[in-house]
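Working notes, beginning with the structure itself.
Numbering starts at 1 and runs along the sequence shown. As the structure is a computational prediction, the values presented were derived from the model and not from experiment.
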Amino acid sequence: MPDRAFSPVISLLTVAAVWDARLGAELRDLGLTTRKYALLAHIEATPGISFSELARRSQITVQSAHTAVQTLVADGLVADATKHAGSASDLRVTARGSDVLESAQQRLTALDGALGEGAPALATALEGLHEQPFGAEAGPSDG
């Protein structure tokens, strides 16, 4: 087997998969996945957000955003006051959704603390990358 050079990309993807699984396990009994948690947080932060903006912020398709929001509405976490198809959306987090989001945030805070204790340099290096990820606009041939 050939020796392969260390890859920070592969290491980051591995760490991300481990922590995504841990977060998913923490959110499961709340009826959330990491994606649903993120969508719910975006809707709470921006009441009345459009599906297009929600999809852009979440880096998913508009159709995927519609499907996920339908699930959040069915679970009683989000209210969609859209008057009719084709009109602007009016998405808002319900009282139940706010309670679930608060519980999820507490669990995320505990995981953040565990990551910070276990890998403080990594936690520090990741600060700010969520808001402005470098290389996010680069495609496969932009390398």
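- Closest non-hydrogen pair, Phe51 versus Val62, comes out as CB-CG1, 4.2 Å.
- Under the 4.5 Å side-chain contact rule for hydrophobic residues, Leu126 and Val18 share a cluster.
- Taking the side chain as every heavy atom from C-beta outward, Leu108 and Tyr37 approach each other to under 4.5 Å.
- Scanning for side-chain contact (heavy atoms from CB on, under 4.5 Å) contacts around Thr46 gives Ile49, Arg57, with sequence neighbours left out.
- Atom CG of Leu72 and atom CG of Leu91 lie 9.5 Å apart (nearest 0.5 Å).
- The main-chain N or O of Leu77 is found under 3.5 Å from a side-chain atom of Thr94 such that the two form a donor-acceptor pair.
- Between the CD atom of Glu44 and the NE2 atom of His42 there is a distance of 12.0 Å, given to the nearest 0.5 Å.
- Of the possible donor and acceptor atoms, one in the side chain of Thr67 sits under 3.5 Å from a partner among the backbone N and O of Gln63.
- Going from atom CG of Asp20 over to atom OG1 of Thr33 covers 9.0 Å, rounded to the nearest 0.5 Å.
- Between Ala104 and Leu27 the shortest heavy-atom distance is CB-CD2, 3.5 Å.
- Using a 3.5 Å distance cut-off with no hydrogens or angles, the side chains of Ser11 and Thr14 do not pair a donor with an acceptor.
- The two residues Leu40 and Val93 make their nearest non-hydrogen contact at O-CG2, 3.7 Å.
- Within the 4.5 Å cutoff, no side-chain heavy atoms of Glu117 are placed close to those of Asp112.
- Of all heavy-atom pairs between Leu39 and Ser58, the closest is CD2-OG, 3.2 Å.
- The nearest pair of heavy atoms linking Ala55 to Ala65 is CB-CB, 4.1 Å.
- In this structure, the separation between OG1 on Thr34 and CZ on Arg22 is 14.5 Å, given to the nearest 0.5 Å.
- For the atom pair CG of Leu30 and CG of Leu101, the computed distance is 10.0 Å after rounding to the nearest 0.5 Å.
- Judged by distance alone, the side chain of Arg92 and the main-chain N or O of Ala79 form no donor-acceptor pair under 3.5 Å.
- In this structure, CH2 on Trp19 lies 6.0 Å from CG on Leu111, to the nearest 0.5 angstrom.
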(message) Working note: Asp29 + Arg107, criterion side chain to side chain contact (heavy atoms under 4.5 Å, CB included); need CA distance, chi angles, decisive distance, verdict.
(response) CA-CA 12 Å; Asp29 71 306; Arg107 295 171 188 197; 2.5 Å; yes

